[in-house]
Amino acid sequence: MPLLVYLDETGDHSLEIVDREFPIFALVMLVCDQTVYSEKIIPAVYRLKMDYFGHEGVILHSRDIRKAVNDFSFLLNPQKRLPFYQRINEIMAMDGYTLIASVIRKQMHKDRYGLLANNPYDLALTFAMERLLPLLEDRGEREVKIIAEARGKREDDQLHLSFLRILTEGTSYVPVDRFRNIKFQLLFKPKIMNIVGIQMADLAAYPIARFVLDPKKPNPAYGIIEKRFYRGKGLIRGLKVFP
C-alpha cells in the first residue's frame with residue numbers, strides 16, 4: 001500500500017528578524033501507510049474529538065492546545081487538561097507512522113553564513129527530502145503524495161518551487177537520478193479540510209523544536225515521539241539539526 005506524507009512546521013522561516021525566544025524553524029514529515037492511516041490513526045483522532053467536542057470539526061492545533069485558547073479553553077481546568085493530554089499522548093505513541101524532521105537554528109545559521117545563508121525553509125525541505133528518499137527506496141515505493149497545509153499563494157508557490165528544484169537538480173548529497181525513480185506529488189490542502197495527518201505533524205513539530213532549543217529541559221511529548229523517528233541504514237536518521 002502506498003505511503004502518505006503529511007508536512008507541517010513550527011517557527012518563522014525568515015532570517016530578517018529572529019525571535020530570541022524561539023530562534024529556530026522546524027519542518028516535520030509524518031509518513032504513514034494508507035491502510036494504517038485510514039483504519040487506525042483517523043479513527044483514534046476522531047474518537048478523541050467526538051468524546052471531547054461532540055463532533056469532528058475541531059482542528060487539533062498545537063499552539064491553541066498549549067495556550068488553552070479557542071476550542072481548547074477548557075484545558076485551563078487542570079482536572080480536564082491532564083486526561084486530554086493523556087489521550088493526545090496515546091495517539092502520538094501509536095505504531096504505524098514515522099517522523100522525519102529538519103530543524104534550522106536560524107541565528108547560528110545567520111551568524112555562520114551571513115549573506116550566503118540559505119532560506120531556512122529551503123534548507124529544511126532539502127534535509128527532509130534527503131531522508132524521505134531512502135525511506136521510500138527501502139520500502140520499494142515508486143510514488144508518494146506529500147500533503148501540506150495551504151498557507152497562501154505566495155508561500156505555496158515558494159515551497160513548490162523549492163520542491164521542484166530538488167527533484168530536477170538533486171542535492172549536494174543525493175543525485176537527481178535517485179529522485180527521478182520515484183513519482184513525487186506535492187499537494188496543498190486548506191486548513192478547513194481538517195486533515196488528521198497534518199494535525200499530527202503539527203503536534204509533533206513543537207516538542208521537537210523545544211528539544212533542539214533545550215535538550216535538558218523536561219519534554220514528555222518529545223519522549224513519546226522520538227521513538228517514531230526514521231532510522232535508516234548507516235548514519236541516516238530522521239532528525240536533522242543544522243547547523
Side-chain angles (χ1 to χ4, degrees), residues 1-10 25-42 45 91-104 118-150 156 158-189 193 195-205 208 225-242:
M1 181 66 68
L3 295 178
L4 293 169
V5 180
Y6 296 94
L7 186 69
D8 205 17
E9 74 271 357
T10 187
F25 173 75
L27 186 70
V28 172
M29 287 181 169
L30 185 141
V31 186
C32 191
D33 180 274
Q34 285 186 14
T35 300
V36 173
Y37 183 69
S38 62
E39 295 182 1
K40 185 177 179 181
I41 292 179
I42 290 179
V45 173
I91 290 172
M92 299 305 292
M94 293 171 63
D95 293 330
Y97 75 90
T98 301
L99 291 174
I100 293 172
S102 305
V103 183
I104 309 301
N118 291 326
N119 181 282
Y121 211 131
D122 293 345
L123 273 176
L125 181 63
T126 297
F127 294 143
M129 291 290 287
E130 287 176 340
R131 284 150 183 78
L132 176 62
L133 180 65
L135 185 156
L136 298 174
E137 291 173 335
D138 291 345
R139 284 280 304 257
E141 301 291 334
R142 288 292 174 262
E143 62 179 281
V144 65
K145 292 183 176 69
I146 301 175
I147 300 110
E149 185 177 297
D156 294 351
Q158 289 176 341
L159 174 56
H160 194 245
L161 181 61
S162 297
F163 177 73
L164 291 178
R165 186 181 300 116
I166 293 169
L167 297 184
T168 57
E169 298 177 7
T171 73
S172 298
Y173 295 96
V174 180
V176 67
D177 289 346
R178 286 177 62 187
F179 285 110
R180 288 174 177 167
N181 288 329
I182 297 174
K183 180 182 178 182
F184 290 88
Q185 286 182 275
L186 177 60
L187 308 174
F188 295 96
K189 301 298 180 181
M193 293 189 70
I195 296 175
V196 169
I198 293 177
Q199 293 168 59
M200 287 186 65
D202 172 68
L203 291 173
I208 293 171
I225 61 175
E226 68 172 333
K227 301 181 180 69
R228 304 266 66 86
F229 279 127
Y230 171 57
R231 287 174 172 79
K233 299 174 182 177
L235 299 176
I236 298 176
R237 293 292 181 269
L239 175 60
K240 169 67 175 181
V241 181
F242 182 87

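The chain is numbered in sequence order, starting from 1.
The two residues I41 and C32 come nearest to each other via the heavy atoms CD1-SG, 3.6 Å. In this structure, I104 and P120 approach most closely via the heavy-atom pair CG1-O, 3.7 Å. The nearest pair of heavy atoms linking A205 to A26 is O-CB, 4.5 Å. The shortest non-hydrogen separation linking A124 to S102 is O-OG, 2.9 Å. The heavy-atom pair separating L4 from Q34 by the smallest distance is CG-CG, 3.6 Å. Between R231 and K227, the closest heavy-atom pair is NH1-O, 4.0 Å.
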Between I146 and F163, is a side-chain contact (heavy atoms from CB on, under 4.5 Å) present by the stated rule, with each step listed? CA-CA 10 Å; I146 301 175; F163 177 73; 3.8 Å; yes
F184 and L133: side-chain contact (heavy atoms from CB on, under 4.5 Å), yes or no, with the steps? CA-CA 10 Å; F184 290 88; L133 180 65; 4.2 Å; yes
Under the side-chain contact (heavy atoms from CB on, under 4.5 Å) rule, what do E9 and L125 come out as? Steps first, then yes or no, please. CA-CA 10 Å; E9 74 271 357; L125 181 63; over 6 Å; no
Take V31 and V144, measure what side-chain contact (heavy atoms from CB on, under 4.5 Å) needs, and give me the verdict at the end. CA-CA 10 Å; V31 186; V144 65; over 6 Å; no
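The side-chain heavy atoms of T171 and M129, taken from C-beta on, include no pair separated by under 4.5 Å. Residues E226 and L239 form no side-chain contact, since every pair of their non-hydrogen atoms from C-beta on lies 4.5 Å or further apart. Within the 4.5 Å cutoff, no side-chain heavy atoms of L3 are placed close to those of T98. Between I236 and Y230, some side-chain heavy-atom pair lies under the 4.5 Å cut-off. Side-chain contact between Y97 and M92 is present, with heavy atoms from C-beta onward closer than 4.5 Å. Counting only heavy atoms from C-beta outward, the side chains of F25 and L123 never approach each other to under 4.5 Å.
Residue L7 is tested with L159, I100, L30 for a side chain to side chain contact (heavy atoms under 4.5 Å, CB included); the sole match is L159.
Judged by distance alone, the side chain of S162 and the main-chain N or O of D122 form no donor-acceptor pair under 3.5 Å. The backbone N or O of L135 sits nowhere less than 3.5 Å from a side-chain atom of R139 that would complete a donor-acceptor pair.
Seen from the ring of F229, R237 does not count as a face-on cation partner, given the 6.0 Å and 45° thresholds.
We find the CZ-CG distance between F179 and L132 to be 8.5 Å, quoted to the nearest 0.5 Å. Rounded to the nearest 0.5 angstrom, M29 CE and L99 CG are separated by 11.5 Å. Note that OG1 of T126 is 10.0 Å distant from CG of L27, once rounded to the nearest 0.5 Å. Taking CG of D8 as the start and CD of Q199 as the end, the distance is 9.5 Å to the nearest 0.5 Å. One finds the CD atom of E149 at 9.5 Å from the CG atom of D156 (value rounded to the nearest 0.5 Å). For the atom pair NZ (K183) and CG (L136), the distance works out to 14.5 Å, reported to the nearest 0.5 Å.
The 12-atom threshold is exceeded at NZ of K40, counting heavy atoms of other residues, nucleotides or ligands nearer than 6.0 Å.
Aromatic rings of Y37 and Y6 (six-membered ring for Trp) have centroids within the 6.0 Å cut-off, being under it.
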